[in-house]
Amino acid sequence: MGEASFLALGDSYTIGEGVADTGRWPMQLAACLRELGIAVGTPQVIATTGWTTDELSAAMDTTVLRDAYDMVTLLIGVNDQYRGRGVDAYRQPFVHLLERAIALAGDPQRVVVVSIPDWGVTRFAEGRDRAAIGHEIDAFNAVARDEAVRVHARWVDITPVSRQAGEQPGMLVDDGLHPSATHYARWVACILPVAVAALRERMTATD
């Protein structure tokens, strides 16, 4: 069996705004999987800072994709929330992306949906209603979680961990908003067992 293919779909959090390539959480995740003896190729990342659900979908339309991936991760929605779009406006574009992720993975159990982090705890949110941001993030995540569960995709809640970013030094990059590589490592600790389970589906299917 060759290396597992891994597609990571998202926005600034997936592209790793402000960190080196190796510090991005998809790259850290792949490295951790390899340490466990799971051969994973370099993740293909389709993500750009500022993207909303519809912008990610449009980018996928113009990106050369494989016919199938062994695992697909999806973390999207913070910019929909930041731009003031309501959860009702978020649901259908998110569902569309989830359906595309499942089609590319060939199995919903090989799709890992990652929750939106709470940027309201960061320095970037100074002067804003932090509690309101947190409530909105929770509402968006409830939609993503419900839709992931509905189609039997996997769900990872990194939001509680993200809320620790404002409590300790070194958890954010210089912009005061985006996670550092050290903080992304905490996300990876949450995502890793779920990714292992997702890739186990791939290995079982090919045995």
Side-chain angles (χ1 to χ4, degrees), residues 6-17 24-26 29 43 45-60 69 71-122 125 131-165 177-179 183-184 186-195 197-198 201:
F6 171 12
L7 173 66
L9 304 171
D11 49 38
S12 60
Y13 294 118
T14 297
I15 200 64
E17 178 72 23
R24 299 171 179 174
W25 72 257
L29 178 61
V45 177
I46 304 177
T48 291
T49 298
W51 272 357
T52 57
T53 45
D54 52 308
E55 289 166 337
L56 171 57
S57 186
M60 291 174 69
Y69 292 84
M71 182 173 67
V72 180
T73 61
L74 177 63
L75 194 180
I76 193 72
V78 70
N79 294 299
D80 297 72
Q81 181 273 330
Y82 181 76
R83 295 189 196 182
R85 299 179 182 178
V87 291
D88 291 338
Y90 169 67
R91 186 181 297 272
Q92 191 52 49
F94 177 81
V95 168
H96 178 61
L97 284 168
L98 183 56
E99 290 171 344
R100 295 185 74 172
I102 292 170
L104 287 166
D107 183 341
Q109 288 285 286
R110 299 211 301 258
V111 174
V112 178
V113 179
V114 180
S115 70
I116 303 166
D118 184 356
W119 63 275
V121 303
T122 69
I133 294 168
H135 289 317
E136 289 177 8
I137 294 293
D138 287 343
F140 274 68
N141 279 329
V143 168
R145 181 187 63 246
D146 290 351
E147 294 299 339
V149 169
R150 181 180 61 82
V151 296
H152 306 292
R154 298 180 187 272
W155 169 257
V156 182
D157 187 4
I158 58 85
T159 308
V161 173
S162 79
R163 287 177 168 143
Q164 300 169 6
L177 170 62
H178 292 98
H183 189 57
Y184 278 133
R186 298 186 178 187
W187 293 20
V188 170
C190 299
I191 300 168
L192 180 60
V194 182
E201 291 294 324

S.K.: Any chance the side chains of Asp11 and Thr49 put a donor and an acceptor closer than 3.5 Å?
M.R.: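 No pair is found: no donor N or O on one side chain lies under 3.5 Å from an acceptor on the other.
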
S.K.: Taking Arg154 for the side chain and Gln109 for the main chain, is one N or O donor matched with an acceptor at less than 3.5 Å?
M.R.: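 Yes; judged by distance alone, with no hydrogens or angles, the pair exists.
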
S.K.: Do Ile137 and Thr159 make a side-chain contact, defined as non-hydrogen atoms from C-beta onward lying under 4.5 Å apart?
M.R.: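 SC-SC contact between Ile137 and Thr159 confirmed.
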
S.K.: If you look at every heavy atom in Thr14 and Ala8, which pair is closest and at what distance?
M.R.: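 Looking at all heavy atoms of both residues, the shortest contact is CG2-CB, 3.8 Å.
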
S.K.: Using side-chain contact (heavy atoms from CB on, under 4.5 Å), reason through Leu7 and Met71 one step at a time and then give a plain yes or no.
M.R.: CA-CA 6 Å; Leu7 173 66; Met71 182 173 67; over 6 Å; no

S.K.: List the steps and the verdict of side-chain contact (heavy atoms from CB on, under 4.5 Å) for Leu97 and Leu56.
M.R.: CA-CA 8 Å; Leu97 284 168; Leu56 171 57; 3.9 Å; yes

S.K.: Testing the basics here: between Ala59 and Ile46, what is the closest heavy-atom pair and its distance to 0.1 Å?
M.R.: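 Result for this residue pair: CB-CG2, 4.4 Å.
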
S.K.: Taking atom types as modelled, find out whether Ser115 and Asp157 have a side-chain donor-acceptor pair closer than 3.5 angstrom.
M.R.: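 On atom types as modelled, these side chains qualify, holding a pair under 3.5 Å.
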
S.K.: Quick check: do Thr73 and Phe6 have side-chain heavy atoms less than 4.5 Å from each other?
M.R.: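 Of all side-chain heavy-atom pairs linking Phe6 with Thr73, at least one is under 4.5 Å.
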
S.K.: What are the two closest non-hydrogen atoms of His178 and Ser12, and how far apart are they?
M.R.: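 Closest pair (atom of His178, atom of Ser12, distance): NE2-OG, 2.9 Å.
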
S.K.: Could you tell me if Ser57 and Arg100 have a donor-acceptor pair between their side chains, going purely by distance under 3.5 Å?
M.R.: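 Yes, a side-chain donor-acceptor pair sits under 3.5 Å.
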
S.K.: Please report the interatomic distance CG(Leu177) to CD(Glu17), rounded to the nearest 0.5 Å.
M.R.: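 Output value for this atom pair is 8.5 Å.
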
S.K.: Any side-chain heavy atom of Glu99 sitting closer than 4.5 Å to one from Ile102?
M.R.: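 Heavy-atom side-chain distance check fails, nothing below 4.5 Å.
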
S.K.: Find out whether Val156 and Val112 are in side-chain contact, i.e. whether some heavy atom of one side chain is under 4.5 Å from a heavy atom of the other.
M.R.: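 Side chain of Val156 against side chain of Val112, heavy atoms only: contact under 4.5 Å found.
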
S.K.: Testing the basics here: between Leu74 and Ile76, what is the closest heavy-atom pair and its distance to 0.1 Å?
M.R.: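 Smallest interatomic distance, heavy atoms only, reads CD1-CG2, 3.8 Å.
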
S.K.: Enumerate the residue pairs fulfilling side-chain hydrogen bond (donor to acceptor under 3.5 Å, both in side chains) with a member in residues 131-140, sequence neighbours excluded, ordered by first and then second residue.
M.R.: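 Non-adjacent pairs meeting side-chain hydrogen bond (donor to acceptor under 3.5 Å, both in side chains): Gln81-Glu136, Asp138-Arg163.
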
S.K.: May I ask you to test the Glu147-Phe94 pair for a side-chain heavy-atom distance under 4.5 Å?
M.R.: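 Result yes, sub-4.5 Å side-chain heavy-atom pair found.
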
S.K.: Tell me, do Leu9 and Met60 make a side-chain contact under 4.5 Å, heavy atoms counted?
M.R.: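 They are in contact (side-chain heavy atoms under 4.5 Å apart), so the answer is yes.
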
S.K.: Is there side-chain contact between Tyr184 and Ile158, with heavy atoms separated by less than 4.5 Å?
M.R.: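 A side-chain contact is absent here, since even the closest heavy-atom pair is not under 4.5 Å.
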
S.K.: Which pair of non-hydrogen atoms, one from Ala165 and one from His183, has the smallest distance, and what is that distance?
M.R.: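 It is CB-NE2, 3.7 Å.
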
S.K.: Is the shortest side-chain heavy-atom distance between Arg150 and Val95 below 4.5 Å?
M.R.: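 Yes, their side chains come closer than 4.5 Å.
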
S.K.: Got a second to check how far Gln92's CD is from Asp54's CG, nearest 0.5 Å?
M.R.: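 Spacing of CD (Gln92) from CG (Asp54) equals 12.5 Å.
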
S.K.: Under the rule for ring-ring contact (aromatic ring centres under 6.0 Å, His included), what residues qualify as partners of Phe140, not counting sequence neighbours?
M.R.: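 Counting only residues at least two positions away or on another chain, Phe140 forms a ring-ring contact (aromatic ring centres under 6.0 Å, His included) with Tyr90.
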
S.K.: How many angstroms lie between atom CZ of Arg186 and atom OG of Ser162, to the nearest 0.5 angstrom?
M.R.: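 Going from the CZ atom of Arg186 to the OG atom of Ser162 covers 11.5 Å.
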
S.K.: With no hydrogens and no angle check, is any side-chain donor or acceptor of Arg110 less than 3.5 Å from a backbone partner on Ala198?
M.R.: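 No; zero donor-acceptor contacts below 3.5 Å.
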
S.K.: Could you tell me whether the side chains of Thr53 and Asp80 share a donor-acceptor contact shorter than 3.5 Å?
M.R.: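 Asp80 and Thr53 do have a side-chain donor-acceptor pair below 3.5 Å.
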
S.K.: Step by step, work out the ring pair (Phe, Tyr, Trp, His ring centres under 6.0 Å) result for Tyr13 and Trp25.
M.R.: CA-CA 8 Å; Tyr13 294 118; Trp25 72 257; over 10 Å; no

S.K.: So, for Gly50 and Asn79, which heavy atoms are closest and what is the spacing to 0.1 Å?
M.R.: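 Closest approach of Gly50 to Asn79, heavy atoms only: C-ND2, 3.3 Å.
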
